[in-house]
Amino acid sequence: MTAAPTPPARHLVIECLREGLGIEDIAVACGCLPAQVRAITLELRRDGIIQNIRFERPRCVA
């Protein structure tokens with residue numbers, strides 16, 4: 001049985017969320033499991049951090 005990959009740092013998840021990435025996208029970008037990213041987002045929500053994140057407007061291709 002192989003060990004689970006290292007979960008991403010909280011600041012990295014916050015930055016990815018600001019950029020508009022979803023859970024699956026963040027997991028692929030960080031090389032971790034989606035469940036690990038979900039756990040971090042739940043912590044951020046519980047700590048009230050996720051409500052304070054300023055999300056960037058989606059970038060449109062001209």
Which donor-acceptor pairs under 3.5 Å do side chains of residues 24-36 form with protein atoms, sequence neighbours excluded?
| residue | atom | partner | partner atom | Å |
| --- | --- | --- | --- | --- |
| E24 | OE2 | R38 | NH2 | 3.3 |
| D25 | OD2 | G22 | N | 3.4 |
| Q36 | OE1 | L33 | N | 2.9 |
| Q36 | NE2 | P5 | O | 2.5 |

Legend entry - L12-I40 co-clustered via ILVMFWY side chain contacts under 4.5 Å: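 Different clusters: L12 never reaches I40 through Ile, Leu, Val, Met, Phe, Trp or Tyr contacts under 4.5 Å.
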Can you give each donor-acceptor pair under 3.5 Å made by side-chain atoms of residues 42-50, sequence neighbours left out, with the distance rounded to 0.1 Å?
| residue | atom | partner | partner atom | Å |
| --- | --- | --- | --- | --- |
| D47 | OD2 | R10 | NH1 | 3.4 |
| D47 | OD2 | R10 | NH2 | 3.2 |

